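Predicted model, so just to flag it, every value in this text is computed and none were measured.
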Amino acid sequence: QVQVVESGGGLVQAGASLRLSCAVSGGGFSNYGIGWFRQAPGKEREFVAHSNWNGEITAYADSVKGRFSISRGVAKNGAHLAHLQMNSVKTEDTAVYFCAAEVPPWYCSDSGCYYEHEYDYWGQGTQVTVSS
């Protein structure tokens, strides 16, 4: 069974930086496309960023371009990692951030996976609160 676990959320002031991490493990797949979504109170969940399996192809929502970046790695225990570096955060970035994994075959990774239905496994989310 694939496990998706987010970490790194918290309370930060506007203008500061925060780094979220996502660890994907299990399932026996060679690698994963990984994306980040967020859901603010009273709003629908929205796409934030996506990385293909090796980090060479990335995609971002317009609202975070130039401020957020996604990178890939591998943990010592073999889990596939995706970090979301959030710089110059704004109060409107306040939301629960979800990580999602796309298993092979990667139908959308070459162009970016922007929609929830393109992902196969989801984490429970981590809260990010940006204060003014």
Problem set entry | Minimum heavy-atom distance between Val4 and Ala101, given as atom pair plus value | CG2-CB, 4.2 Å
Exercise. Residues in salt bridge (charged side-chain N to carboxylate O under 4.0 Å, His left out) with Arg72, at least two apart?
Worked result: none
For this session: Just do the side-chain contact (heavy atoms from CB on, under 4.5 Å) check on Ile70 and Ser51 with the steps written out, would you?
Result: CA-CA 7 Å; Ile70 187 170; Ser51 169; 3.7 Å; yes
Exercise. Using a side-chain heavy atom cutoff under 4.5 Å and only I, L, V, M, F, W and Y, what cluster partners does Tyr107 have?
Worked result: none
For this session: For the residue pair Val128 and Met86, establish whether any side-chain heavy-atom pair is separated by less than 4.5 Å.
Result: yes
Only distances under 3.5 Å count here; give the side-chain donor-acceptor pairs of residues 11-29 to other protein atoms, sequence neighbours excluded, each with its distance to 0.1 Å.
residue	atom	partner	partner atom	Å
Ser17	OG	Asn87	OD1	2.9
Ser21	OG	His83	ND1	2.8

For this session: Determine yes or no for a side-chain-to-main-chain donor-acceptor pair under 3.5 angstrom, with Asn52 supplying the side chain and Gly33 the backbone.
Result: no
For this session: Mind checking side-chain contact (heavy atoms from CB on, under 4.5 Å) for Ser63 and listing every partner two or more places apart, or none if nothing turns up?
Result: Arg38, Ala61
Exercise. Listed by chain and number, what are the side chain to side chain donor-acceptor pair (under 3.5 Å) partners of Gln39, not counting sequence neighbours?
Worked result: none
Seminar exercise, completed: For residues 122-132, the side-chain hydrogen bond (donor to acceptor under 3.5 Å, both in side chains) pairs (sequence neighbours left out) are Gln127-Thr129
For this session: Measure the OH-SG distance between Tyr119 and Cys99 for me, rounded to the nearest 0.5 Å.
Result: 9.0 Å
Exercise. Residues in side-chain contact (heavy atoms from CB on, under 4.5 Å) with Tyr114, at least two apart?
Worked result: Phe47, Ala59
Problem set entry | Phe98 reachable from Leu84 in the ILVMFWY side-chain graph, under 4.5 Å edges | no
Seminar exercise, completed: Sequence neighbours excluded, the answer for side-chain contact (heavy atoms from CB on, under 4.5 Å) partners of Trp53 is Asn31, Trp106
Exercise. Which pairs, with at least one residue in residues 113-132 and sequence neighbours excluded, count as a salt bridge (Lys or Arg N to Asp or Glu O under 4.0 Å)?
Worked result: Arg45-Glu116
For this session: Please list, chain by chain and in numerical order, all residues satisfying side chain to side chain donor-acceptor pair (under 3.5 Å) with Tyr32, sequence neighbours excluded.
Result: none
Problem set entry | Counterpart residues, side chain to side chain donor-acceptor pair (under 3.5 Å), relative to Glu6 (two or more places apart) | none
For this session: Just jot down the side chain to side chain donor-acceptor pair (under 3.5 Å) partners of Lys65, sequence neighbours excluded, or say none.
Result: Asp62
Exercise. So do Phe68 and Asp93 actually touch side chain to side chain, heavy atoms under 4.5 Å?
Worked result: yes
Exercise. Is the closest side-chain heavy-atom distance between Tyr60 and Val48 below 4.5 Å?
Worked result: no
Exercise. Does the side chain of Glu102 come within less than 4.5 Å of Tyr121's, by heavy atoms?
Worked result: no
Exercise. Quick one: are Phe37 and Glu44 in side-chain contact, heavy atoms under 4.5 Å?
Worked result: no
